[in-house]
Amino acid sequence: MPVDCQVATRGRCGSRGGGQRARGLGWAPFLERARREEKRAEGRRRCGGPASPGGSLSSGQRGRPGTVAAARMAACAEAPELVYLVTGGCGFLGEHVVRMLLEQEPRLRELRVFDLRLSPWLEELKTGPVQVTAIQGDVTQAHEVAAAVSGAHVVIHTAGVVDVFGRVSPETIYKVNVQGTQNVIEACVQMGTRFLVHTSSMEVVGPNIKGQPFHRGDEDTPYEAVHKHPYPQSKAQAERLVLEANGREVRGGLTLVTCALRPTGIYGEGHQIMRDFYRQGLRLGGRLFRAVPASVEHGRVYVGNVAWMHVLVARELEQRAALMGGQVYFCYDQSPYKSYEDFNMEFLGPCGLRLVGTRPLLPHWLLVLLTALNTLLQWLLRPLVLYAPLLNPYTLAMANTTFTVSTNKAQRHFGYKPLFSWEVSRARTILWLQGKEGSAQ
Ligand SMILES: NC(=O)c1ccc[n+]([C@@H]2O[C@H](COP(=O)([O-])OP(=O)(O)OC[C@H]3O[C@@H](n4cnc5c(N)ncnc54)[C@H](O)[C@@H]3O)[C@@H](O)[C@H]2O)c1
Ligand SMILES: CC(C)CCC[C@@H](C)[C@H]1CC[C@H]2[C@@H]3[C@H](O)C=C4C[C@@H](O)CC[C@]4(C)[C@H]3CC[C@]12C
């Protein structure tokens, strides 16, 4: 249920600037409510009033950074005001999607952020021109999802359990990732919400259990997608549900338009595994030891670009429903193709760490033995303590198997171009790692 709801004092049709990051919530509630009502009325006068969820989205602003104010003005002149729901909006990716929407979607009236655990940074967003509604809820609870979806024009479903370390039971992974996604679909159908963007994963494709390489493949590259691990299995099942739901009739008689995005390994501000490697390196006296060959390429993509792609897809889904509905898109940008460890060193190096060895220090068979030992320990210790190291048979196979994408499908279908260059993505990630800057906690 909505636990809070706030509209800021600036007109929704006015310039946005960087105002979303402003702090300070010291207004008296009644004064704020009055201003809110006044602004709403003004917005309605200037923008022609809100539309129903089943109504038209009226596309148009294929916004690039810096054009938001103009786009907002233009949007207000003709478009309805939109309500977006982001599930998992307090997660690593979710936070970036939320911030990106506030910066880059000029037609936004209300942004609902739905998550199991709400983050404190949501507070600062409530001082901007868009109504940010924080909803503490669980995607496995159909009624909670339905209540959150009710009245939304677009749902961006990023919520999920991301676990390849054995921290979460397979049952929970399935319940959240598959049943949760089904609940989101059913809520859209019941509530008449037409546009659903789902965060899938490259792991829906691979690496597969045979460890076959996928070298700069695209969405049509043939690959034997066979999984045993609960996480990729659940993501594959969820993606299938989303794609199959495309074209279903929603309340009001219109059809549901769905789309799935498949990021490769995401990095950027808020990436906890990167931080874990950083801390581990510091503990080891500023060194990390190479474990996988430098020749293995592992696909990575900057979180800001993944968020940007979500925002663009959501924006373009209506106008290009016939083309984009039921489609999958890999998330890509200009991040270089490198091994998992060499890529991490792009950030950890400038933070003072060193990767020791030009070749893996331990022979592969020993690493495999270590992963087996970790699996055994995890099982033995389970009744007493959760032992979930980074290295297990699955993560070793992932790091050891070339899996990179090279595609321009998103560009062809909806004009996607990365918003952040590799240099900027790298610099922002380094600053965050050093604790100097960055939105994600
Ligand atoms: N991190 C990656 O490298 C990566 C790569 C490809 C795809 N993805 C996908 O992107 C999405 C987001 O991943 P992330 O890395 O940001 O993970 P994350 O764990 O940081 O974020 C997931 C969010 O979902 C929320 N959530 C979990 N269970 C929930 C429930 N039952 N109800 C409501 N909210 C719930 C969590 O509280 C969290 O805020 C996931 O669907 C994941 O499969 C991630
Ligand atoms: C040096 C290695 C042997 C140490 C182990 C690295 C391991 C923890 C890394 C390697 C690959 C990583 C995954 C990959 O980037 C892609 C995804 C897809 C996404 O949907 C969820 C995250 C995940 C699984 C990364 C998790 C961490 C992995 C396994």
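Whatever order the structure lists ligands and atoms in, that order sets their numbers, starting from 1.
- Looking at His227, its side chain does come within 3.5 Å of a backbone N or O of Val204 through a donor-acceptor pair.
- Protein heavy atom in closest approach to atom 6 (C) of ligand 1: Pro263 O, 3.5 Å.
- Between Phe92 and His271, the ring centre distance stays below 6.0 Å.
- Of all atoms in ligand 1, listed by their number and element, those nearer than 4.0 Å to a heavy atom of Thr158 are 11 (C), 12 (C), 40 (C), 41 (O).
- When side chains are defined from C-beta on, Val184 does not count as touching Phe114, because their heavy atoms never get closer than 4.5 Å.
- The single protein non-hydrogen atom nearest to atom 3 (C) of ligand 2 is Leu391 CD1, 3.6 Å, given as residue, atom name and distance.
- Between Phe343 and Trp422, the distance separating the two ring centers is shorter than 6.0 angstrom.
- Protein heavy atom in closest approach to atom 21 (O) of ligand 1: Gly91 CA, 3.3 Å.
- Comparing Thr172, Val162, Val97, Val306 against atom 14 (P) of ligand 1, the shortest heavy-atom distance belongs to Val162.
- No heavy atom of Cys331 sits closer than 4.0 Å to any atom of ligand 1.
- Close N/O approach between His298 and ligand 2 is found [any backbone or side-chain N/O within under 3.5 Å].
- Of the listed residues (Phe403, Phe343, Tyr231), the one carrying the non-hydrogen atom nearest atom 20 (O) of ligand 2 is Tyr231.
- No part of Lys235 comes within 4.0 Å of ligand 2, judged by heavy-atom distances.
- Residue contact check for ligand 1: Thr264 places a non-hydrogen atom closer than 4.0 Å to it.
- Within a 6.0 Å radius of NZ in Lys409, other residues, nucleotides and ligands contribute more than 12 heavy atoms.
- Atoms of ligand 2 lying under 4.0 Å from at least one heavy atom of Gly265, given by number and element, are 15 (O), 16 (C).
- In terms of protein heavy-atom proximity, atom 28 (N) of ligand 1 is closest to Val176 CG1, 3.6 Å.
- Residue contacts with ligand 1 for Lys235 involve side-chain atoms from C-beta outward but no N, CA, C or O (heavy atoms, distance under 4.0 Å).
- Residue Ile266 holds the heavy atom nearest to atom 3 (O) of ligand 1 of all those in Ile266, Thr199, Ile173.
- Note on ring orientation: taking the six-membered ring where Trp is involved, the planes of Phe214 and Tyr223 are perpendicular (angle over 60°, cut-offs 30° and 60°).
- Of all protein heavy atoms, the one closest to atom 7 (C) of ligand 2 is Thr395 CB, 4.0 Å.
- The protein atom (non-hydrogen) at minimum distance from atom 8 (C) of ligand 2 is Phe165 CE2, 3.8 Å.
- For ligand 2, the atoms closer than 4.0 angstrom to any heavy atom of Ser201 are 18 (C), 19 (C), 20 (O).
- Within the 4.0 angstrom cut-off, atom 25 (C) of ligand 2 has no protein heavy-atom neighbours.
- For ligand 2 and Glu341, the ligand atoms under 4.0 Å from any heavy atom of the residue are 1 (C).
- For atom 4 (C) of ligand 2, the closest non-hydrogen atom of the protein is Phe277 CZ, 4.0 Å.
- The existence of a salt bridge linking Glu297 and Arg216 is confirmed by a sub-4.0 Å separation between a basic side-chain nitrogen and an acidic carboxylate oxygen.
- Salt bridge Arg99/Glu95: present, at least one basic N to carboxylate O contact under 4.0 Å.
- Proximity annotation for atom 12 (C) of ligand 2: of Tyr340, Tyr267, Tyr394, Phe289, Tyr340 comes nearest, heavy atoms only.
- Atom 15 (O) of ligand 1 has as its closest protein heavy atom Phe92 CD2, 3.7 Å.
- Here the protein heavy atom with the shortest distance to atom 2 (C) of ligand 2 is Ala399 CB, 4.0 Å.
- Ligand-side atoms of ligand 1 in range of Gly137: 32 (N), 33 (C), range being under 4.0 angstrom from any heavy atom.
- Side-chain contact check for Arg248 versus Glu186: some heavy-atom pair is nearer than 4.5 Å.
- Looking from atom 32 (N) of ligand 1 to the surrounding protein, the closest heavy atom is Val139 N, 2.9 Å.
- Nearest-residue assignment for atom 7 (C) of ligand 1 (options Ser200, Gly299, Ser234; heavy-atom criterion): Ser200.
- A pairwise comparison of heavy atoms in Val311 and Val97 identifies CG2-O, 4.4 Å as the closest pair.
- For the pair Glu219 (side chain) and Phe330 (backbone), a donor-acceptor distance under 3.5 Å is present.
- Using a 4.0 Å cut-off to heavy atoms of Asp138, the atoms of ligand 1 that qualify are 30 (C), 31 (N), 32 (N).
- Among Gly268, Pro232, Gly160, Cys90, the residue whose heavy atom lies closest to atom 27 (C) of ligand 1 is Gly160.
- Residue-ligand proximity, Gly88 to ligand 1, at heavy-atom distances under 4.0 Å covers atoms 23 (C), 24 (O).
- If you check which protein heavy atom lies closest to atom 17 (C) of ligand 2, you get Glu203 OE2, 3.4 Å.
- For atom 22 (C) of ligand 2, the nearest non-hydrogen atom of the protein is Val162 CG1, 4.0 Å.
- Close to ligand 1: Tyr231, with a non-hydrogen atom less than 4.0 angstrom away.
- The residues Lys126 and Glu123 are annotated as salt-bridged, a charged nitrogen and a carboxylate oxygen being separated by less than 4.0 angstrom.
- Note: Tyr416 and Tyr329 fail the aromatic proximity criterion, with ring centroids not under 6.0 Å apart.
- At least one donor-acceptor pair closer than 3.5 Å links the side chain of Gln378 to the backbone N or O of Phe165.
- Taking both residues in full, the closest heavy atoms of Leu348 and Leu433 are given as CD2-CD1, 3.8 Å, listed atom of the first, atom of the second, then distance.
- Closest to atom 25 (C) of ligand 1 by heavy atom, among Leu116, Asp115, Leu93, is Asp115.
- In terms of heavy atoms, Val303 sits closest to Gly268 at CG1-CA, 3.9 Å.
- Of all protein heavy atoms, the one closest to atom 27 (C) of ligand 2 is Ile273 CD1, 3.7 Å.
- When atom types are taken as modelled, the side chain of Thr140 and the backbone of Lys175 share no donor-acceptor pair closer than 3.5 angstrom.
- Side-chain contact between Ile273 and Tyr340: present, with at least one pair of heavy atoms (C-beta onward) separated by less than 4.5 Å.
- Classification of the Tyr267-Phe347 ring pair by plane angle, with boundaries at 30° and 60°, yields tilted.
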